[in-house]
Amino acid sequence: MRRFTRGYRYGQGAAVAVALPGTLTEMWRVAQRCVAADAIIITQAANTGLTGGSTPFGDDYDRPVVVINTMRIKSLHLLADGRQVLAFPGTTLDELETALLPLGREPHSVIGSSCLGASVIGGICNNSGGSLIRRGPAYTELALYGRVGADGRLELVNKLGIGLGEDPDTILSRLERRDYGASDIDDGGDKVASDPDYPRHIRDVDAATPARYNADPRCLHDAAGSAGRLIVFAVRLDTFAAEKDTRVFYIGTNDPADLTAIRRSMLADQASLPIAAEYIHREAFDISARYGKDTYLLVQKLGTRRLPRLFALKSRIEAFCDRLPFTSASIVDRAMQAVSELIPSPLPVRLKAFRDRFEHHLMVKVSAEDADALRTLLSTLYPNPSGDWFECNRQEGSAAFLHRFATAGAAIRYDSVHRSKTEGVIALDIALARNDRDWFETLPAELAERFIHKLYYGHFFCHVFHQDYLLRKGFDWHATKAEMLALLDTRQARYPAEHNVGHLYAADGSLADHYRSLDPCNCLNPGIGKTSRLKYWRDQTGPEPRTAPMEFTQAETAP
């Protein structure tokens with residue numbers, strides 16, 4: 001049961017059983033049995049979350065815990081010639097991306113979580129973000145889900161916009177058989193299958209609130225943002241036309257204000273939004289170049305489609321090694337890093353030259369028709385004493401974004417390889433206000449000296465940043481993290497931005513109220529967001545379970 005009760009990056013706990021249903025009907029019947037037995041249900045897909053929210057946490061729940069893993073329930077239905085898709089609980093982003101490729105369409109997210117096999121429904125339940133500027137957080141109002149009411153009874157709610165009957169067995173069996181036709185599908189009425197307001201929302205560069213974050217009340221609706229408080233059987237989502245002709249521009253500067261000017265100008269003035277704009281700091285660049293090199297090469301040589309199986313195999317080997325008395329799971333990372341050190345750097349020459357010259361790096365991908373406007377903008381700013389830019393060829397553009405992607409696992413690899421030097425990784429993902437011009441963090445000296453390395457990278461135009469801190473040996477992980485969050489509070493940042501609260505973060509009032517409204521009996525994934533773990537949300541007394549930061553064994557991915 002280890003891989004089902006131990007979080008991918010954080011948290012672990014006890015369960016009396018793990019169920020692996022193979023159909024929607026089996027999943028429904030397992031849920032019925034659990035509810036009838038007054039058991040807690042934790043619904044889990046690929047367990048690739050970063051904050052421990054898809055596993056038990058500790059062993060002091062007031063009822064028995066059952067984990068329902070949904071990864072055997074794989075199916076997806078293409079609707080309206082692929083303009084929409086209906087996804088089952090075990091359907092992964094990678095599988096959806098593969099199915100849409102021949103149609104010239106894409107899911108909400110492309111490279112990122114798909115590489116570890118993250119599920120489509122998991123993204124919806126966590127309001128996961130993404131690097132693609134025009135699409136915003138994963139969102140839909142069209143879903144089929146189970147809900148436990150205040151009376152303790154389990155009901156099936158069909159808001160898919162597809163007529164499937166009235167009783168649960170009929171609805172689920174018809175959906176599994178795809179026993180419905182065009183006449184049974186409506187257009188959803190006023191319900192949407194993606195976030196239609198995000199392009200306008202992100203353009204408001206003078207707003208004092210973030211563009212997106214998990215607990216944004218704007219995107220909390222039924223399954224969207226439910227975080228395990230509903231049992232989600234299917235979701236209906238929009239897909240997007242794939243960009244066929246793109247250009248990548250690489251900007252380097254020693255003045256963060258330069259990047260602020262580019263961001264504000266492009267969001268406020270461009271006729272169309274750029275496709276993506278990713279930031280990476282020099283220190284993150286260096287750590288990724290060394291400790292993310294094998295991830296870079298695996299994606300470059302094998303593509304993303306084979307990575308879920310490779311990471312699954314790695315996880316099994318690590319689990320085996322962890323049980324041996326003379327070794328640990330980190331031996332796998334150490335072996336992989338030793339091989340990686342023998343391979344020359346695959347990064348293009350111009351990227352490495354900019355690393356030597358500049359501290360801050362921004363890569364912007366635009367449609368071909370928008371390239372002239374960006375060339376004109378950059379030519380008015382550079383070259384100057386603080387920065388410069390160049391237009392990437394196809395190889396450089398691919399390498400720039402792939403290197404940025406590999407950054408997300410670099411701190412984990414460093415920690416695993418240098419365990420004698422570190423107390424773990426404090427990994428934060430934060431959302432800054434859209435009008436925040438002082439986006440680059442400057443830590444107090446006393447706090448900064450606790451870290452071996454600080455890695456800053458993120459989705460720059462969304463003002464969503466990933467900040468990984470490698471803590472020096474001898475410092476308290478929990479206390480230091482609390483101080484970091486207190487500093488973010490003074491900056492009025494929102495966190496987490498796209499990985500959800502899990503058991504790492506406290507849910508704010510509106511998010512906790514959302515959880516209460518979905519799960520009044522508090523029997524579905526109780527305790528997330530540091531809320532009550534007790535039935536009917538009774539007040540929790542006594543110390544909250546504390547779990548030490550886990551030994552990081554797999555590469556994190558940027559959503």
(message) Check whether Tyr505 forms a cation-pi arrangement with Lys530 (NZ or CZ under 6.0 Å from the six-membered ring centre, at most 45° off the ring normal).
(response) no
(message) Tell me whether the rings of His463 and Phe460 are parallel (<30°), tilted (30 to 60°) or perpendicular (>60°).
(response) perpendicular
(message) I'd like to know if the side chain of Thr92 reaches the main chain of Ser119, judged simply by a donor and an acceptor atom lying under 3.5 Å from each other, with no hydrogens or angles considered.
(response) no
(message) Nearest 0.5 Å, please: how far is CG in Leu402 from OH in Tyr296?
(response) 5.5 Å
(message) Exactly one of Tyr457, Tyr456, Trp439, Phe440 should register a ring pair (Phe, Tyr, Trp, His ring centres under 6.0 Å) with Phe465. Which one does?
(response) Trp439
(message) Could you work out, with side-chain hydrogen bond (donor to acceptor under 3.5 Å, both in side chains) as the rule, every residue matching His361, not counting sequence neighbours?
(response) Tyr250
(message) Determine whether a donor-acceptor pair (N or O, by modelled atom type, separation under 3.5 Å) exists between the side chain of Ser379 and the backbone of Arg375.
(response) yes
(message) Looking at Asp195 and Arg135, is any side-chain nitrogen of the basic one under 4.0 Å from a carboxylate oxygen of the acidic one?
(response) no
(message) Quick check: do Met484 and Tyr469 have side-chain heavy atoms less than 4.5 Å from each other?
(response) yes
(message) I'd like to know if Arg494 and Asp216 make a salt bridge, using a cut-off of under 4.0 Å between side-chain N and carboxylate O.
(response) no
(message) Quick test of your reading of the model: are Lys159 and Glu141 salt-bridged, counting only N-O distances below 4.0 Å?
(response) no
(request) Return yes if some donor-acceptor pair links the side-chain N/O of Arg282 with the main-chain N/O of Phe358 below 3.5 Å, else return no. (result) yes
(message) So that I can tick it off, tell me whether Asp388 and Arg357 are bridged by a salt bridge, with the cut-off set at under 4.0 angstrom between side-chain N and carboxylate O.
(response) yes
